[in-house]
Protein chains: 2
Amino acid sequence: MSIRHGLLALLDQGPRYGYQLRTEFEARTGATWPLNVGQVYTTLGRLERDGLVVPAGEDEEGHLFYAVTEEGRAELRRWFDSPVPRTNPPRDELAIKLAMAVTVPGVDVPAVVQGQRGHSMKALQDYTRLKGQALAADTGRHSDLAWLLVLEQLIFQTEAEIRWLDHCETRLVQRMEEERERAQAVEAAPAPTGRRRSRI
Amino acid sequence: MSIRHGLLALLDQGPRYGYQLRTEFEARTGATWPLNVGQVYTTLGRLERDGLVVPAGEDEEGHLFYAVTEEGRAELRRWFDSPVPRTNPPRDELAIKLAMAVTVPGVDVPAVVQGQRGHSMKALQDYTRLKGQALAADTGRHSDLAWLLVLEQLIFQTEAEIRWLDHCETRLVQRMEEERERAQAVEAAPAPTGRRRSRI
DNA sequence: CGACACATGTAACACGTTACATGATTTG
DNA sequence: CAAATCATGTAACGTGTTACATGTGTCG
(Lines give C-alpha, C1' and ligand atoms only; values in the text may rest on other atoms or scores of the structure.)
Protein backbone atom coordinates (compact mmCIF):
# COMPACT_ATOMS: atom_id res chain seq x y z
CA MET A 1 0.00 0.00 0.00
CA SER A 2 2.98 2.33 0.11
CA ILE A 3 3.94 2.65 -3.52
CA ARG A 4 0.33 3.08 -4.52
CA HIS A 5 -0.05 6.06 -2.24
CA GLY A 6 3.37 7.36 -3.08
CA LEU A 7 2.54 7.59 -6.76
CA LEU A 8 -0.85 9.01 -5.91
CA ALA A 9 0.83 11.76 -3.92
CA LEU A 10 3.14 12.58 -6.79
CA LEU A 11 0.20 12.73 -9.17
CA ASP A 12 -1.51 15.11 -6.79
CA GLN A 13 1.01 17.73 -7.85
CA GLY A 14 -0.31 17.49 -11.37
CA PRO A 15 -0.52 14.97 -14.21
CA ARG A 16 2.61 12.89 -14.78
CA TYR A 17 3.64 10.04 -17.02
CA GLY A 18 5.07 6.72 -15.87
CA TYR A 19 8.75 7.22 -16.40
CA GLN A 20 8.55 10.62 -14.78
CA LEU A 21 6.92 9.16 -11.69
CA ARG A 22 9.73 6.72 -11.27
CA THR A 23 12.29 9.50 -11.48
CA GLU A 24 10.49 11.67 -8.98
CA PHE A 25 9.93 8.79 -6.59
CA GLU A 26 13.59 7.89 -6.61
CA ALA A 27 14.59 11.50 -6.09
CA ARG A 28 12.88 11.19 -2.70
CA THR A 29 14.15 7.79 -1.68
CA GLY A 30 17.51 7.80 -3.37
CA ALA A 31 19.58 4.69 -3.82
CA THR A 32 17.91 2.83 -0.98
CA TRP A 33 14.68 2.06 -2.75
CA PRO A 34 15.27 1.74 -6.45
CA LEU A 35 11.90 1.46 -8.13
CA ASN A 36 11.57 -0.83 -11.11
CA VAL A 37 9.91 1.10 -13.92
CA GLY A 38 7.65 -1.77 -14.74
CA GLN A 39 6.12 -1.54 -11.32
CA VAL A 40 5.10 2.03 -11.95
CA TYR A 41 2.99 0.93 -14.87
CA THR A 42 1.44 -2.03 -13.08
CA THR A 43 0.66 0.18 -10.11
CA LEU A 44 -0.81 2.85 -12.37
CA GLY A 45 -2.98 0.17 -13.90
CA ARG A 46 -4.25 -0.88 -10.48
CA LEU A 47 -4.87 2.72 -9.47
CA GLU A 48 -6.87 3.23 -12.64
CA ARG A 49 -8.77 -0.01 -12.02
CA ASP A 50 -9.73 1.36 -8.60
CA GLY A 51 -10.79 4.71 -10.00
CA LEU A 52 -8.12 6.73 -8.23
CA VAL A 53 -6.44 7.94 -11.40
CA VAL A 54 -7.45 8.38 -15.03
CA PRO A 55 -5.47 8.68 -18.24
CA ALA A 56 -5.13 12.38 -19.05
CA GLY A 57 -4.19 12.50 -22.68
CA GLU A 58 -0.76 12.65 -24.14
CA ASP A 59 2.04 15.02 -24.76
CA GLU A 60 3.16 16.43 -28.08
CA GLU A 61 6.10 14.12 -27.48
CA GLY A 62 3.87 11.12 -26.88
CA HIS A 63 4.08 10.96 -23.09
CA LEU A 64 1.00 9.30 -21.63
CA PHE A 65 -0.17 11.32 -18.68
CA TYR A 66 -2.25 10.24 -15.74
CA ALA A 67 -4.24 12.48 -13.44
CA VAL A 68 -5.66 11.84 -10.00
CA THR A 69 -9.43 11.74 -9.68
CA GLU A 70 -11.57 13.25 -6.99
CA GLU A 71 -11.80 9.84 -5.38
CA GLY A 72 -8.04 9.57 -5.55
CA ARG A 73 -7.66 12.89 -3.83
CA ALA A 74 -10.01 11.75 -1.10
CA GLU A 75 -8.03 8.55 -0.65
CA LEU A 76 -4.83 10.57 -0.45
CA ARG A 77 -6.26 12.88 2.16
CA ARG A 78 -7.38 9.85 4.14
CA TRP A 79 -3.86 8.50 3.92
CA PHE A 80 -2.29 11.66 5.23
CA ASP A 81 -4.93 12.19 7.89
CA SER A 82 -4.69 8.78 9.52
CA PRO A 83 -1.52 7.34 11.03
CA VAL A 84 -0.05 4.24 9.47
CA PRO A 85 -1.80 1.50 11.39
CA ARG A 86 0.04 -0.48 14.00
CA THR A 87 -2.67 -3.08 14.26
CA ASN A 88 -0.94 -6.22 13.15
CA PRO A 89 2.47 -4.60 12.88
CA PRO A 90 4.57 -5.90 9.99
CA ARG A 91 6.09 -9.28 10.73
CA ASP A 92 9.73 -8.53 11.12
CA GLU A 93 11.93 -11.29 9.79
CA LEU A 94 14.69 -10.59 12.27
CA ALA A 95 12.34 -10.87 15.22
CA ILE A 96 10.90 -14.13 13.96
CA LYS A 97 14.38 -15.44 13.39
CA LEU A 98 15.55 -14.66 16.89
CA ALA A 99 12.35 -16.00 18.37
CA MET A 100 12.94 -19.26 16.56
CA ALA A 101 16.65 -19.29 17.33
CA VAL A 102 16.14 -19.16 21.08
CA THR A 103 13.43 -21.76 20.78
CA VAL A 104 14.78 -24.58 18.69
CA PRO A 105 17.73 -26.47 20.12
CA GLY A 106 21.06 -26.65 18.35
CA VAL A 107 21.15 -23.06 17.16
CA ASP A 108 24.14 -20.94 18.11
CA VAL A 109 22.11 -17.95 19.17
CA PRO A 110 25.02 -15.67 20.12
CA ALA A 111 26.50 -16.30 16.68
CA VAL A 112 23.24 -15.35 15.02
CA VAL A 113 23.06 -12.18 17.09
CA GLN A 114 26.64 -11.25 16.39
CA GLY A 115 26.32 -11.97 12.69
CA GLN A 116 23.34 -9.70 12.45
CA ARG A 117 24.99 -7.06 14.57
CA GLY A 118 28.00 -6.86 12.29
CA HIS A 119 25.76 -6.59 9.29
CA SER A 120 23.73 -3.84 10.87
CA MET A 121 26.82 -1.91 11.90
CA LYS A 122 28.04 -2.03 8.35
CA ALA A 123 24.69 -0.81 7.10
CA LEU A 124 24.72 1.97 9.64
CA GLN A 125 28.08 3.16 8.37
CA ASP A 126 26.79 3.15 4.81
CA TYR A 127 23.74 5.14 5.77
CA THR A 128 25.83 7.63 7.71
CA ARG A 129 28.13 8.10 4.75
CA LEU A 130 25.14 8.61 2.48
CA LYS A 131 23.75 11.14 4.91
CA GLY A 132 26.95 13.11 4.70
CA GLN A 133 26.67 13.17 0.94
CA ALA A 134 23.02 14.13 1.13
CA LEU A 135 23.79 17.03 3.45
CA ALA A 136 26.58 18.23 1.18
CA ALA A 137 24.43 18.05 -1.93
CA ASP A 138 21.42 19.64 -0.27
CA THR A 139 20.29 22.73 -2.11
CA GLY A 140 17.08 23.31 -0.22
CA ARG A 141 14.79 21.42 -2.54
CA HIS A 142 11.92 19.62 -0.92
CA SER A 143 13.02 16.37 -2.47
CA ASP A 144 16.41 16.80 -0.80
CA LEU A 145 14.69 17.12 2.56
CA ALA A 146 12.60 14.05 1.84
CA TRP A 147 15.65 12.01 0.93
CA LEU A 148 17.38 13.18 4.07
CA LEU A 149 14.46 12.21 6.28
CA VAL A 150 14.21 8.79 4.69
CA LEU A 151 17.90 8.23 5.29
CA GLU A 152 17.64 9.33 8.86
CA GLN A 153 14.76 6.99 9.46
CA LEU A 154 16.91 4.14 8.25
CA ILE A 155 19.64 5.30 10.59
CA PHE A 156 17.31 5.51 13.57
CA GLN A 157 15.88 2.08 12.77
CA THR A 158 19.27 0.49 12.39
CA GLU A 159 20.52 2.00 15.63
CA ALA A 160 17.47 0.63 17.40
CA GLU A 161 18.12 -2.76 15.87
CA ILE A 162 21.68 -2.79 17.15
CA ARG A 163 20.58 -1.73 20.59
CA TRP A 164 17.99 -4.47 20.59
CA LEU A 165 20.54 -7.07 19.55
CA ASP A 166 22.78 -6.01 22.42
CA HIS A 167 19.82 -6.22 24.72
CA CYS A 168 19.13 -9.73 23.46
CA GLU A 169 22.62 -10.76 24.48
CA THR A 170 22.14 -9.59 28.03
CA ARG A 171 18.79 -11.38 28.13
CA LEU A 172 20.52 -14.51 26.94
CA VAL A 173 23.20 -14.56 29.61
CA GLN A 174 20.49 -13.75 32.13
CA ARG A 175 18.65 -16.87 31.03
CA MET A 176 21.73 -19.01 31.15
CA GLU A 177 22.40 -17.98 34.72
CA GLU A 178 18.83 -18.70 35.70
CA GLU A 179 19.04 -22.12 34.15
CA ARG A 180 22.26 -22.80 35.99
CA GLU A 181 20.59 -21.83 39.24
CA ARG A 182 17.65 -24.05 38.50
CA ALA A 183 19.90 -26.94 37.66
CA GLN A 184 21.73 -26.57 40.95
CA ALA A 185 18.50 -26.33 42.86
CA VAL A 186 17.30 -29.53 41.25
CA GLU A 187 20.59 -31.19 42.02
CA ALA A 188 20.25 -30.20 45.67
CA ALA A 189 16.59 -30.97 46.11
CA PRO A 190 14.58 -32.18 43.08
CA ALA A 191 11.41 -30.12 42.79
CA PRO A 192 8.98 -28.94 40.11
CA THR A 193 10.39 -25.92 38.24
CA GLY A 194 8.89 -22.43 38.27
CA ARG A 195 11.21 -19.52 37.72
CA ARG A 196 12.25 -17.50 40.73
CA ARG A 197 9.48 -18.10 43.18
CA SER A 198 6.77 -17.31 40.69
CA ARG A 199 4.62 -20.04 42.18
CA ILE A 200 4.32 -20.96 45.86
CA MET B 1 10.05 -15.36 3.54
CA SER B 2 9.60 -15.09 7.29
CA ILE B 3 6.69 -17.39 7.96
CA ARG B 4 8.15 -20.03 5.68
CA HIS B 5 11.32 -20.16 7.69
CA GLY B 6 9.48 -19.83 10.95
CA LEU B 7 7.45 -22.95 10.28
CA LEU B 8 10.54 -24.70 8.99
CA ALA B 9 12.32 -23.94 12.25
CA LEU B 10 9.43 -25.33 14.26
CA LEU B 11 9.41 -28.47 12.16
CA ASP B 12 13.12 -28.85 12.81
CA GLN B 13 12.22 -29.81 16.37
CA GLY B 14 10.34 -32.80 15.03
CA PRO B 15 7.28 -33.58 12.91
CA ARG B 16 4.24 -31.41 13.56
CA TYR B 17 0.80 -30.98 12.09
CA GLY B 18 -0.71 -27.77 10.83
CA TYR B 19 -2.83 -26.67 13.71
CA GLN B 20 -0.03 -27.42 16.10
CA LEU B 21 2.36 -25.23 14.13
CA ARG B 22 0.01 -22.33 14.39
CA THR B 23 -0.25 -22.75 18.15
CA GLU B 24 3.49 -22.97 18.61
CA PHE B 25 4.13 -20.01 16.33
CA GLU B 26 1.73 -17.85 18.24
CA ALA B 27 3.22 -18.91 21.56
CA ARG B 28 6.39 -17.15 20.37
CA THR B 29 4.83 -14.04 18.91
CA GLY B 30 1.83 -13.69 21.14
CA ALA B 31 -1.02 -11.40 20.35
CA THR B 32 1.00 -9.16 18.06
CA TRP B 33 1.15 -11.50 15.11
CA PRO B 34 -1.91 -13.71 15.05
CA LEU B 35 -1.42 -16.31 12.38
CA ASN B 36 -4.39 -17.35 10.31
CA VAL B 37 -4.56 -21.13 10.33
CA GLY B 38 -5.25 -21.25 6.65
CA GLN B 39 -1.91 -19.68 5.98
CA VAL B 40 -0.16 -22.50 7.77
CA TYR B 41 -1.60 -24.98 5.31
CA THR B 42 -0.86 -22.89 2.25
CA THR B 43 2.68 -22.32 3.47
CA LEU B 44 3.11 -26.02 4.19
CA GLY B 45 1.98 -26.72 0.66
CA ARG B 46 4.58 -24.35 -0.73
CA LEU B 47 7.29 -25.81 1.47
CA GLU B 48 6.37 -29.27 0.23
CA ARG B 49 6.36 -28.03 -3.36
CA ASP B 50 9.91 -26.75 -2.83
CA GLY B 51 11.06 -30.01 -1.30
CA LEU B 52 11.77 -28.56 2.13
CA VAL B 53 9.22 -30.66 3.96
CA VAL B 54 7.41 -33.93 3.33
CA PRO B 55 4.23 -35.45 4.70
CA ALA B 56 5.17 -37.79 7.51
CA GLY B 57 2.18 -40.01 8.01
CA GLU B 58 -0.65 -39.47 10.41
CA ASP B 59 -1.50 -39.85 14.03
CA GLU B 60 -3.80 -42.45 15.57
CA GLU B 61 -6.02 -39.41 16.03
CA GLY B 62 -5.82 -38.44 12.38
CA HIS B 63 -3.31 -35.57 12.65
CA LEU B 64 -1.38 -35.12 9.42
CA PHE B 65 2.27 -34.66 10.25
CA TYR B 66 4.96 -32.97 8.21
CA ALA B 67 8.69 -33.46 8.58
CA VAL B 68 11.58 -31.34 7.38
CA THR B 69 13.81 -32.84 4.70
CA GLU B 70 17.57 -32.73 4.46
CA GLU B 71 17.23 -29.89 1.99
CA GLY B 72 14.95 -28.11 4.40
CA ARG B 73 17.48 -28.46 7.16
CA ALA B 74 20.14 -27.01 4.88
CA GLU B 75 17.90 -24.08 4.03
CA LEU B 76 17.24 -23.51 7.69
CA ARG B 77 20.94 -23.56 8.53
CA ARG B 78 21.52 -21.05 5.71
CA TRP B 79 18.85 -18.86 7.20
CA PHE B 80 20.38 -18.85 10.63
CA ASP B 81 23.91 -18.47 9.36
CA SER B 82 23.34 -15.41 7.20
CA PRO B 83 22.01 -12.09 8.50
CA VAL B 84 18.69 -10.88 7.22
CA PRO B 85 19.71 -8.87 4.17
CA ARG B 86 19.64 -5.13 4.22
CA THR B 87 20.05 -4.82 0.48
CA ASN B 88 16.89 -3.12 -0.60
CA PRO B 89 15.62 -2.56 2.92
CA PRO B 90 11.88 -2.95 3.27
CA ARG B 91 9.98 0.06 1.98
CA ASP B 92 8.62 1.63 5.11
CA GLU B 93 5.22 3.15 4.62
CA LEU B 94 5.78 5.83 7.21
CA ALA B 95 8.99 7.00 5.56
CA ILE B 96 7.36 7.15 2.16
CA LYS B 97 4.46 9.04 3.65
CA LEU B 98 6.64 11.67 5.26
CA ALA B 99 8.79 11.94 2.15
CA MET B 100 5.68 12.67 0.13
CA ALA B 101 4.20 14.94 2.76
CA VAL B 102 7.17 17.30 2.77
CA THR B 103 7.20 17.21 -1.00
CA VAL B 104 3.69 17.82 -2.21
CA PRO B 105 2.20 21.21 -1.39
CA GLY B 106 -0.92 21.59 0.70
CA VAL B 107 -0.12 18.90 3.23
CA ASP B 108 -0.09 19.84 6.89
CA VAL B 109 3.16 18.07 7.67
CA PRO B 110 3.30 18.90 11.38
CA ALA B 111 -0.21 17.47 11.74
CA VAL B 112 0.85 14.28 10.01
CA VAL B 113 3.87 13.99 12.28
CA GLN B 114 1.86 14.66 15.41
CA GLY B 115 -0.87 12.28 14.39
CA GLN B 116 1.61 9.51 13.93
CA ARG B 117 3.44 10.40 17.10
CA GLY B 118 0.31 10.07 19.18
CA HIS B 119 -0.45 6.75 17.60
CA SER B 120 3.05 5.47 18.26
CA MET B 121 2.98 6.63 21.85
CA LYS B 122 -0.22 4.73 22.37
CA ALA B 123 1.29 1.64 20.80
CA LEU B 124 4.34 2.00 23.00
CA GLN B 125 2.18 2.03 26.08
CA ASP B 126 0.38 -1.10 24.91
CA TYR B 127 3.64 -2.89 24.27
CA THR B 128 5.01 -1.86 27.63
CA ARG B 129 1.92 -3.13 29.36
CA LEU B 130 2.18 -6.40 27.47
CA LYS B 131 5.80 -6.66 28.48
CA GLY B 132 4.84 -6.36 32.11
CA GLN B 133 2.39 -9.19 31.68
CA ALA B 134 4.94 -11.26 29.83
CA LEU B 135 7.49 -10.78 32.59
CA ALA B 136 4.94 -11.73 35.23
CA ALA B 137 3.85 -14.84 33.37
CA ASP B 138 7.38 -15.92 32.53
CA THR B 139 8.14 -19.39 33.79
CA GLY B 140 11.48 -19.85 32.11
CA ARG B 141 10.21 -21.56 29.00
CA HIS B 142 12.06 -20.79 25.80
CA SER B 143 8.88 -19.65 24.15
CA ASP B 144 8.41 -17.12 26.96
CA LEU B 145 11.84 -15.71 26.22
CA ALA B 146 11.05 -15.54 22.51
CA TRP B 147 7.81 -13.72 23.13
CA LEU B 148 9.61 -11.30 25.41
CA LEU B 149 12.29 -10.57 22.83
CA VAL B 150 9.73 -10.00 20.10
CA LEU B 151 7.89 -7.58 22.33
CA GLU B 152 11.06 -5.74 23.19
CA GLN B 153 11.95 -5.41 19.55
CA LEU B 154 8.60 -3.76 18.95
CA ILE B 155 9.31 -1.44 21.85
CA PHE B 156 12.75 -0.52 20.56
CA GLN B 157 11.37 0.06 17.08
CA THR B 158 8.54 2.20 18.30
CA GLU B 159 10.82 4.28 20.48
CA ALA B 160 13.08 4.84 17.49
CA GLU B 161 10.07 5.86 15.42
CA ILE B 162 9.03 8.44 17.98
CA ARG B 163 12.54 9.80 18.21
CA TRP B 164 12.67 10.05 14.44
CA LEU B 165 9.34 11.87 14.32
CA ASP B 166 10.63 14.39 16.84
CA HIS B 167 13.74 14.76 14.77
CA CYS B 168 11.59 15.40 11.71
CA GLU B 169 9.95 18.28 13.49
CA THR B 170 13.23 19.98 14.24
CA ARG B 171 14.29 19.43 10.63
CA LEU B 172 11.06 21.04 9.53
CA VAL B 173 11.46 24.21 11.56
CA GLN B 174 15.07 24.31 10.42
CA ARG B 175 13.86 24.32 6.83
CA MET B 176 11.27 26.97 7.45
CA GLU B 177 13.90 29.26 8.93
CA GLU B 178 16.18 28.66 5.99
CA GLU B 179 13.38 29.47 3.60
CA ARG B 180 12.63 32.64 5.50
CA GLU B 181 16.28 33.65 5.25
CA ARG B 182 16.31 32.91 1.57
CA ALA B 183 13.19 34.92 1.01
CA GLN B 184 14.66 37.90 2.82
CA ALA B 185 17.90 37.62 0.87
CA VAL B 186 15.94 37.62 -2.37
CA GLU B 187 13.93 40.58 -1.19
CA ALA B 188 17.13 42.49 -0.40
CA ALA B 189 19.11 41.54 -3.49
CA PRO B 190 17.47 39.18 -5.99
CA ALA B 191 19.94 36.45 -6.86
CA PRO B 192 19.94 32.77 -7.94
CA THR B 193 19.28 30.53 -4.94
CA GLY B 194 21.68 27.98 -3.51
CA ARG B 195 21.40 27.14 0.16
CA ARG B 196 23.91 28.67 2.54
CA ARG B 197 26.92 29.30 0.38
CA SER B 198 26.87 25.83 -1.05
CA ARG B 199 27.84 27.22 -4.42
CA ILE B 200 30.13 30.18 -5.19
C1' DC C 1 -28.66 -28.90 22.00
C1' DG C 2 -25.68 -25.11 20.99
C1' DA C 3 -21.40 -23.01 21.22
C1' DC C 4 -16.77 -23.42 20.95
C1' DA C 5 -12.14 -25.26 20.22
C1' DC C 6 -9.85 -28.50 17.24
C1' DA C 7 -8.47 -29.67 12.54
C1' DT C 8 -7.83 -29.56 7.43
C1' DG C 9 -8.15 -27.45 3.55
C1' DT C 10 -9.45 -24.33 -0.92
C1' DA C 11 -10.25 -20.18 -3.62
C1' DA C 12 -9.39 -15.72 -4.50
C1' DC C 13 -7.01 -11.64 -4.11
C1' DA C 14 -3.52 -7.95 -2.83
C1' DC C 15 0.79 -6.03 -3.50
C1' DG C 16 5.53 -6.14 -4.78
C1' DT C 17 9.03 -7.81 -7.89
C1' DT C 18 11.51 -9.42 -11.79
C1' DA C 19 12.27 -10.48 -16.48
C1' DC C 20 11.23 -9.69 -20.88
C1' DA C 21 9.72 -7.25 -25.40
C1' DT C 22 9.68 -3.19 -28.01
C1' DG C 23 10.81 1.06 -29.90
C1' DA C 24 12.53 6.14 -30.16
C1' DT C 25 16.09 9.21 -29.20
C1' DT C 26 20.42 10.68 -27.81
C1' DT C 27 25.38 10.53 -27.43
C1' DG C 28 30.20 9.00 -27.58
C1' DC D 1 27.64 2.64 -35.56
C1' DA D 2 27.04 1.09 -30.83
C1' DA D 3 25.64 1.92 -26.37
C1' DA D 4 22.94 4.21 -23.20
C1' DT D 5 18.90 6.58 -21.85
C1' DC D 6 14.11 7.44 -22.37
C1' DA D 7 9.57 5.40 -22.56
C1' DT D 8 5.68 2.03 -22.38
C1' DG D 9 4.09 -1.98 -21.39
C1' DT D 10 3.11 -7.41 -20.40
C1' DA D 11 3.59 -11.92 -18.25
C1' DA D 12 4.57 -14.50 -14.58
C1' DC D 13 5.59 -15.41 -10.00
C1' DG D 14 6.16 -14.93 -4.83
C1' DT D 15 4.46 -14.34 -0.29
C1' DG D 16 0.95 -12.83 2.76
C1' DT D 17 -3.92 -12.52 3.82
C1' DT D 18 -8.76 -13.22 4.12
C1' DA D 19 -12.98 -15.64 3.61
C1' DC D 20 -15.17 -19.65 3.15
C1' DA D 21 -16.43 -24.84 3.46
C1' DT D 22 -16.34 -28.82 6.15
C1' DG D 23 -16.12 -31.96 9.79
C1' DT D 24 -15.09 -33.85 14.69
C1' DG D 25 -15.07 -33.62 19.43
C1' DT D 26 -16.08 -31.49 23.90
C1' DC D 27 -18.33 -29.04 27.50
C1' DG D 28 -21.92 -26.49 29.81
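Lettering of chains follows the sequences in order, A, B, ..., and the numbering in each one begins at 1.
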Closer than 4.0 Å, any side-chain N/O of [X] to the OP1 or OP2 of [N]?
X	N	answer
A:R49	C:dA14	yes
A:R4	C:dC15	yes
B:Y41	C:dT10	no

Roughly, in whole Å, what's the span from [atom1] in [X] to [atom2] in [N]?
X	N	atom1	atom2	answer
A:F25	D:dA7	CZ	P	19 Å
B:E61	D:dT24	CD	C1'	12 Å
A:Q39	D:dA12	CD	P	18 Å
B:L35	C:dT8	CG	P	14 Å
B:N36	C:dA5	CG	C1'	15 Å
A:E58	D:dA7	CD	C1'	12 Å
B:R46	D:dG16	CZ	P	8 Å
B:R22	D:dT17	CZ	C1'	14 Å

> For A:G18 and B:V37, take the nucleotide of DNA chain D holding the closest heavy atom to each; which residue's nucleotide lies nearer the 5' end?
Replying inline: A:G18
N-O pairing of [X] and [Y] below 4.0 Å:
X	Y	answer
A:E178	A:R175	yes
B:R78	B:E75	yes
B:R86	A:D126	no

> Of B:T42 and B:R91, whose closest DNA chain C nucleotide lies nearer the 5' terminus?
Replying inline: B:T42
>> So A:T43, base contact, sugar-phosphate only, or nothing? Heavy-atom distance under 4.0 Å.
In response: nothing
Minimum-distance nucleotide to [X] side chain [options: [options]]:
X	options	answer
A:H63	D:dT15, C:dG16, D:dA7	D:dA7
A:L64	C:dT17, D:dA7, D:dG9	D:dG9
B:Y19	D:dT5, C:dA7, D:dT17	C:dA7

>> I need the B:D92 CG to B:E161 CD distance, nearest 0.5 Å.
In response: 7.0 Å
> Within 45 degrees of the axis of the six-membered ring of B:Y19 and under 6.0 Å from its centre: does B:R22 put its NZ or CZ there?
Replying inline: yes
